[in-house]
Structures are given as C-alpha cells and as structure tokens.
Amino acid sequence: MSETEIPKTYEPQSVEARWYQSWLDNNCFAAKVDPAREPFAIMIPPPNVTGVLHMGHLLNNTIQDILTRRARQEGKSALWLPGTDHAGIATQSRVEKELRKTGKTRYDLGREKFIETASEWRDKHGGIILEQLKKLGASCDWARKSHTLDPHYSKAVLQSFITLYERGYIYRGKRMVNWCPVSLTGLSDEEVIMKPQSGKLYRMRYEIVEHPGEYLEIATTRPETIPGDSGVAVNPEDPRYTHLIGKHVWRPFPRVKIPIVADVLVDKEFGSGVLKVTPAHDKVDFEIGQRHQLEVLDVMNPDGTMNELAGEGLAGVERFKARDIAAQKLKDLGLLLKEEPYENNVGFSERADVPIEPRLSEQWFIRYPKIEEAKRAVSDGFVKFHPERWNKVYLHWLNNIQDWCISRQLWWGHRIPVWYKKDADRNEPGNRHVSLEAPADIENWEQDNDVLDTWASSWLWCLANLGWEKPGMTTPELRYWYPTSALATGPDIIFLWVARMIIAGLEFYGEEKETLDDADIAARIPFKDVYFNGIIRDAQGRKMSKSLGNSPEPLDLIAKFGADGLRIGLLSIAPKGQDILFSEDRISQGRNFCNKLWNAARFRQMSGPAGDNATLEKIVARIDPTKCDADDHAILANLAASIDIVNDALGRFDFNTYTAALYQFFWTDFCDWYVEVSKSRMQDDSSRSTILAIQDICLRQFLLLLHPVAPFITEELYHLLGFCNGSDFIQNHFAGTGSDLRDILAKQRGLTLDNNAVAEIATLREFVTQARALKAQQNQAAKKDCKFKLIVKDDTARAFITHNTDKLKKLVGAADIEFADDTGNSPATPTALGTLALDMTGLVDVEAEKIRLTKELERLEKLAAAGEAKLANEAFVSKAPPNILEGAKAQLADTQAKRDEVRRLLAGLG
RNA sequence: GGACGGAUAGCUCAGUUGGUUAGAGCAUCUCGUUUACACCGAGAGGGUCGGGGGUUCGAGUCCCUCUCCGUCUACCA
C-alpha cells in the first residue's frame, strides 16, 4: 500500500524517463510465442533511415502503441516489431552528396567501398528515429529490431526474387521507364509525382513530301525531341487526314523523310489532331512506334543532355536549353506558327524533384502474381481497411495494375541475384544464372549491376520479420503471429507498400499454389486490419516539410507538453481518416488533461486515507451499499457505460470516440460533478469510506482505460494510488467490461445500479446550472449566501430537493433553498422541479427582468407552437412510432407548462 | 479526363440504421482564488447544418443537381 504523497505539479520528464527505463529493465515489451495466450502483432511501417521523426510518425506510432498496449492489457501476447528500411535512392543520394563535397563520386570509391561508406552513414544516422520513438513511449520489442539489409532479411529478399523468377513472374526487357536524370536510375510509376507545370505549346508545320508546299500542322510541348521523331500520327477516323495516311513529311532537323501513320491513340480534338511520334522519349509514342515499326531514335544521354543524334546545335546541350534552341531553329526555318502558354502535368522524380525523362532501357520487371486474390482479400473483408473507403482506391489500382519495374541503377540495396555469361546475349535465359550463390566458374560470369527497388524488400516486412526466408518455410513466430493483427500507416503508401505486402503474403506464404481459395487467403494475408491515419498539415493546411520549416520538432513538443500530453492531444485532434491541421494550442489540451488527472489523484489522497486498493474486488468490498445515494449509482453507471464505449470504439479503430468518452467521463462526470458533490457528502463520517471507495473504483478503471494513450502518467498514478505493487505494471491489468463491473458490485455488495439514478442526477445538474445562471444574471455569482425560493412542482420533487439540500447549497453557493407558494417579483426561472427564484429582497431590476423573461417567453412560445403544429398533423400522429409520439407529447406539455409559468412571472412584474 | 473525400458555431471538428429543442474543444465576453487543479471553476453569447430541388408524418442524416475546396489517379502531344 503506497502512502507516498503525490507532488503538487505533474512533472512528465522525470516520470517518463523513470518508467521507460523500468519497462525496459523488466522486459515489459518483450513478446513471447505463447500458445496459451492470444497472439497480437504489429509491424512498424519502417521509417527510412535518412528521415527524422516528424509529426506523422508521432501520430502513426501513437496509434500503434495504443493498439499494442491495449492488447497487452487484454492478456494477449503482444508484439510490436520495430525496424528501418535502407531507403535506396534517398540514402544513396545523401551519401553521394557528402562525397561530392570532397570532390569524389561513387565511381572513385568503387562499389565495395561505397557500400561500406553508406553503411557507416546509415549506422550513424539510422538509429536516431527509433531512439526518438522511445521518448514518445513506444512499447516496441527492441530486441527484435529489423533492417531490410540485415543478412537474414537480405536472404529473404533475394530468395523472393528467385522464386518469382522461377515461377515466371519476373522478366527482363527493354522498356520505357521513368528515368531520373539526376539519380541516373529508373523509377517505378509509384515514385513519380505528377505536377502541373506552365510551359509552352509550340504549333509548328511539317512539309508534306508528296505535296511540296503543303504542310501539316503539329503541336508539341517538347520541340527538343524533334530529332528523335520517326513519324507523325493521325487518328484513322479523322477525315481531314485520311488521304495523307501512308505518305510522308519532312522532319525539319535533321531533315529526313518520316511516314504518316494512323493510330487510335491520337486524339482528334487535341491541337491539330496530328501527333509527332518520338518512340524513344514518350510512352505513348513508343507504343505507336512499335505498332508501325517506326525507328527508335534515342537523342538523349542518361543525364538529360542531348546526344550526337540530336544534331548540330543541340548535341551536348541540357534538355531545357535544347528546347529553346529547337524552338529558335523552327522559327529560323519558318516552321513555327505560334507559341502559346500551356499548362500540363509533368512527372517528377519523387526523390530528386526534377522532371523524369521517359527513357528506353533494359530493366527487370515483375508481373504481379495473385492479383485476383489480392482484390478478394480486401473486397471480401479478409483484410479490413479503416476507414473503409480506401477499399475503392486499392481496388482501382489493382484493376489498372501495370508491371513493376524493380531494378534500380544504384549500388545501395539488394544486388540483383543474376549472373550473365560474359559476352553472351543477356536476354537469352540460357545465359543467366539466377541464384543466391554465384556460379562456381565465376570468372566466366558477371553479376547484374543493378539493385532492387527498396519496396521490393519492404513488401516482405510482415514475412521476413517473423523469420520467413523462402516459400513453404515456417517458424514458431510465423505460426504464432502470422497473419499479423493490424497495420497502421498513411494512405499515401497504399500502393507502394500496403497493396504489395498483401500480394507478397498471398504469393510467398505457404507452398506454391496457382489459385487460392478463401481459407488460403485468410491464412496468407499479412495483416487483418489496416488503419489509415490522416496526413498532418500545418494550421494553413500545407503539408509539413523541411523546406517550409513548418514542422515542429517532436522532441521539443514532448519536452513542452509531456509525451502523454502530446499523445492525447494528437489523438484528439485527429479526425477520422481526414487530414489533420496541426496547432500547438490544441496539443496543450492533452497536457491540461494530464494535469487535471494528476490533481484529481492528488485530491483523492488529500480527501482521506487510502484503503486497500490491491484489487478491484477489495475496493468494492469497502463500499457500504446502504450509504449509496443517486450520485453513487450514477457515477458507477456512467463508468460502466464509458468502459463499454471505450471498448467498442477501440475495437472499431474509432479514436475520436475513445478520447471523447475519456474526456466526458473524467472531466465532466467525475471531476466537475461527482468529486464536487463528494465534498459536502464527506462531511458525514459514516459515508466517507464508501465515497472514497467509489472514487478509487473510478480512478482505477479510468487509469486502465486511459493507459494505452497515456502510458506514463497512468503507470505512475496506478502505483501511487496503490492499485498495484512495485514489481507489477499497469499493463498487466484490464478494465474488463461494463457488465463485469456491474456484476462485481452486485455479487460482492448486493449493489444493483439504479438505472434511474443517471436521469435523476442529470435533473439535479440541470437544476444547479439554472440556479447558478440566475445568480450570474443578477451579478450575484460570487455570493455564497444567496437565498432561493422554490415553488415546488409536486411531492416527488419536494422529497428530491429535501434529500439533496446540502449538496445543492454547496454547489450553488446558497445559504438556503426554501419552499414557497409565491416568488413575488424575484427573478425566477421554470425548472423541471418547479419555479426557482432568487430572493433579491428589493434589489431587483424589474425592467431588466422583464426583458429577460420576454425573450424567454418568445422562445418558449415558438417551441410550443411548433410542437402543437406537429401534434395537430394527422399524418404525424397516425404514422410516427409510439415512442416518438409520446416523446413529442411529453415535450410539448413541458414546454407549455414552462411557457405558462413564464407568462405568469411576467404578469407578476406588472 | 476519371475516382474519392470535404463543406455543420469566429476556428478545428463530432453527429452510428432518418426521430424529441444540432453537440464538443478552442477562441470571445462576464464573474470567481471556496477542502485538488488558473494547465482551474461558474455563467453567457454564437449555427436558416454550402445553394437549389426531391422522397418522407419527419432530413444535418437518404436521392438528384449545382458551386467551392482538397486528395489520389491518368497515354492529350
């Protein structure tokens, strides 16, 4: 039994540091395979090693921590597995940037040395974000920390490539890819960000070879690619041009005859309806070129400069300079008709933030397996998205899925496990060696230089982190925790990561299987629930970014508001599935809440000696049911209801309802009412121990409910108030359900909670509010010795008031509340218990009172009229269900009574 | 171009199958230091639920339409 005095102010810093260390020392977060308990697992979305903790991480990880801690309280064997990914392009560019400062490139170092340098950089910077998560209170099982380049993980990644290769889902080919001229690598479609750009549309004309002097008008935004044109295309159904199909035009520079072809991809409505076809530099053009056997003329270097094929004046020039030069050339040739401003969307490299260049190159591609099953996994509810609307986004992507370019022309990553016979055709499968091991006669082979897309490693996150290395393989961890319970992430990576993890699970878990039935899908999905949190924006709605400098420093926020305060604040401002506008004032609410809780606990300790709080049963045993009044029944009933609301809300990932219920119960019901009422009731010594026991029940169960979101302060108070002993932790205790609480009260003390008590107390609270309002209106709010008169409504009300007189006097700040038959011209207001008047003994401002009552009368008359009209409506009376009808009648009667009373009061003023 | 989301108090948002007089926090104003808490307490003001139409006895909630914001997606050069 702890008798430690609770300090006056809550100091989060020392409490947080102390408990986090204690949790680590006692292995509180270490998850064990334990068949006796229900498994629960969450894999952290791996923050990339170049990143720092930002607001999005705070929210996302708070949510994961809530789910994990909650699961622990429920007695599950809860695993929250942390880790990072190697972030291929991002890390490599950071390291190369550092290198450039010393005047070197990666080629100067060589592959091996470069990877060594990058690893060092990763080890230096990569752990920071995880350390920061500890400050937030994240209850990860740190011993299981994972990284995508760990030896075991790498093996799994390479094996997954080999497996897909062997199963025929991987191919190598010369395709159009999104080329980043800065990172000098291909990118997947998902790594390209479309941005609206204002540029120019150049309208030009090409002379028709067969009809000298006649011209075709063509529009383009990219005149620099003219040297790469190997044809022009029109729509086959465009009557303006049918006679020209099969003829030729002169490409202006270098001047060459190119054919006019017909292709349905050409939009008749756009520009002149004629498209210049540059197969090497545009996806659509490539397709058209393939269909019509047009020559592929690559006029650009990998770094975005023009090459020799571009011809004189352009060769060697950077692509955007080349655009101006090409335009000038057209003008000089008299072929440029018009330049007009033009707004279009241009793809940008997500990492390097420069326009990507569609470019033909040799790459590895994945044709996705198990697409149909992946759709069913979500549409049939094996994987549940929260909010559900993301289903559509996911399914839309799967319905339009494109092959995935997985090779990256980088060094930092998993090197593709393919060797080619030297000096042989690489596209001939016989000349390849695809394996975890290099070929024995290595001198005759050379390994592919490329590495895999980072997402082609992180899509195995749920599998590899539980020990998976190859299909069919199983481990105790996989058997126990797979499929994992939940995933919490942002909707921005639904394609990059979430969808691909589902596909990977379906394809790689278990033995090879062509098609999957429902049972297979249920067993193979990587997770059962996915919660998509909103993106956090600044108060103006802009995305948080380093360049804007609008992202607050998370550790500063923790220092300022405490980790618990920050967590509560963040959660309470996060609307369901919507983006979140961040502002510090709103986080302060969380801190304020912690302070309120702290002081409520402190006040409990000041109110009387601690009883035996070791278990809920022992606290309940301290209750004397004969001392319980309506307030006790009401607060316990509210507690039971709140427990159920919280349980239900967390089960549905409805964090808004969770925090709202916590606030309402604790602040409004418990502190503002019950504790205040207790102050007067505890003057009676015989009631005190019962009231304190009930306060202890409320505090204990509330701490348990709050614990997942505010782990530190709840742990601290749980111990300080003696709810568990020093070697135990709050995570081992659970609030149960509302009916569990009711059952214990009934069984142990024969205390059956009175369902009318809540309504009765609501009436009393409203009455108090009205009385206080009367005082405030008369500028008497501060006075404690006011006299009230009450024309009591009936005997029930009389008994009720009599029974609660002491409480009322205390809560309202009154010397007396006496029953009366008349209130004279005192300011008065009708209440549910009768007409209440403040005795002003002649100090009444009659005119002001008239104005107030007239206003009130107007309101009531309007209401009554509306109610009367409703009940006079034949259709309503005959069609509305009985409870609605009765409700409307009761309400009208009440309104009419009040209206008449206000009329009477008004008349009394003369 | 397509899809999705949003529009409710000055601000940020709740409002579960349509049902009594639409809620919360913050902000504002007034009052207040009583046995916890000024990171507090009491009270007040503030909304024709984006516009228009429809279904219904009854619509913030369902249907249609329009407007404005946001996000994702796409092969209009």
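We use all heavy atoms of the structure for the numbers below, so side chains are in, but hydrogens, waters and symmetry mates are not. For clarity, every value in this text was computed on a predicted model and none was experimentally measured. Letters A, B, ... mirror the listed sequences (proteins, then strands); counts begin at 1.
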Protein-nucleotides 73-76 of chain B N/O pairs under 3.5 Å:
residue: B:A74; atom: N6; partner: A:Asn345; partner atom: ND2; Å: 2.5
residue: B:C76; atom: O2; partner: A:Asp267; partner atom: OD2; Å: 3.1

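Taking 4.0 angstrom as the limit, A:Lys783 places none of its side-chain polar atoms (N or O) nearer than this to OP1 or OP2 of B:C31. When the side-chain nitrogen and oxygen atoms of A:Trp667 are compared with OP1 and OP2 of B:G41, one or more of them lie within a distance under 4.0 Å.
A:Gln683 meets the side-chain hydrogen bond (donor to acceptor under 3.5 Å, both in side chains) test with no other residue; sequence neighbours excluded. Residues satisfying the side chain to side chain contact (heavy atoms under 4.5 Å, CB included) test with A:Asn178, not counting sequence neighbours, are A:Leu187, A:Asp189, A:Val192, A:Lys283, A:Ile356. Every residue two or more places apart in sequence or in another chain that forms a side-chain hydrogen bond (donor to acceptor under 3.5 Å, both in side chains) with A:Arg604 is listed here: A:Asp696. Applying the side-chain hydrogen bond (donor to acceptor under 3.5 Å, both in side chains) test to A:Arg602 and every residue at least two apart in sequence or in another chain returns A:Asn599.
Of the N and O atoms on the side chains of A:Gln778 and A:Glu849, at least one donor lies less than 3.5 Å from an acceptor on the other residue. Side-chain atoms of A:Glu766 and A:Thr763 form no donor-acceptor pair, as typed in the model, at a separation below 3.5 Å.
Place A:Asn779 and A:Lys810 on RNA chain B by their nearest nucleotides, and A:Asn779 ends up nearer the 5' end. In this structure, A:Asp492 and A:Ala600 both approach RNA chain B, and ranking their closest nucleotides by distance from the 5' end singles out A:Ala600.
Remark: the separation of the P atoms in B:U16 and B:A22 is 15 Å, to the nearest Å. Between B:A74 and B:G6, the distance separating the two C1' atoms is 23 Å to the nearest Å. Taking atom C1' on both nucleotides, B:U48 is separated from B:G1 by 38 Å, rounded to a whole Å. Comparing the same atom, P, in B:U71 and in B:C13 gives a spacing of 14 Å after rounding to whole Å.
Among residue pairs with one or both ends in residues 774-784 of chain A, none qualify as salt bridge (Lys or Arg N to Asp or Glu O under 4.0 Å); sequence neighbours excluded. Residues in residues 264-280 of chain A take part in these side-chain hydrogen bond (donor to acceptor under 3.5 Å, both in side chains) pairs, two or more places apart or across chains: A:Thr225-A:Lys276, A:Asp229-A:Lys276, A:Asp229-A:Thr278, A:Lys276-A:Thr278. Note on residues 580-593 of chain A: pairs passing salt bridge (Lys or Arg N to Asp or Glu O under 4.0 Å), not counting sequence neighbours, are A:Lys560-A:Glu584.
Secondary-structure annotation of RNA chain B gives the stems B:1-7 with B:67-73, B:10-13 with B:23-26, B:28-32 with B:40-44, B:50-54 with B:62-66, with a stem taken as at least 3 successive Watson-Crick or G-U pairs whose two distances both fall under 3.5 Å.
Listed in residue order, the members of residues 587-594 of chain A having a heavy atom less than 4.0 Å from RNA chain B are A:Gln589, A:Arg591, A:Asn592. Shown for residues 673-681 of chain A: residues whose heavy atoms fall under 4.0 angstrom of RNA chain B, namely A:Glu676, A:Lys679.
With salt bridges taken as basic N to acidic carboxylate O contacts below 4.0 Å, one links A:Arg859 and A:Glu856. Looking at A:Glu217 and A:Arg205, no side-chain N of the basic residue comes within less than 4.0 Å of a carboxylate O on the acidic one, giving no salt bridge.
A:Gln695 contributes atom CD, which lies 14.0 Å from atom CZ of A:Phe702 (distance to the nearest 0.5 angstrom). To the nearest 0.5 Å, atom CZ of residue A:Arg899 and atom CG of residue A:Asp894 are 11.5 Å apart.
Nearest to the side chain of A:Val393, among B:A36, B:C72, B:A77, sits B:C72.
Nucleotide B:U21 holds its C1' atom 15 Å from the CZ atom of A:Arg899, rounded to whole Å.
Across all strands shown, A:Lys276 has no heavy atoms under 4.0 Å from either base or sugar-phosphate atoms.
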Using residues 869-877 of chain A as the side-chain source, report each donor-acceptor pair under 3.5 Å to any protein atom, sequence neighbours left out, with the distance given to one decimal.
residue: A:Asn873; atom: OD1; partner: A:Ala875; partner atom: N; Å: 2.9

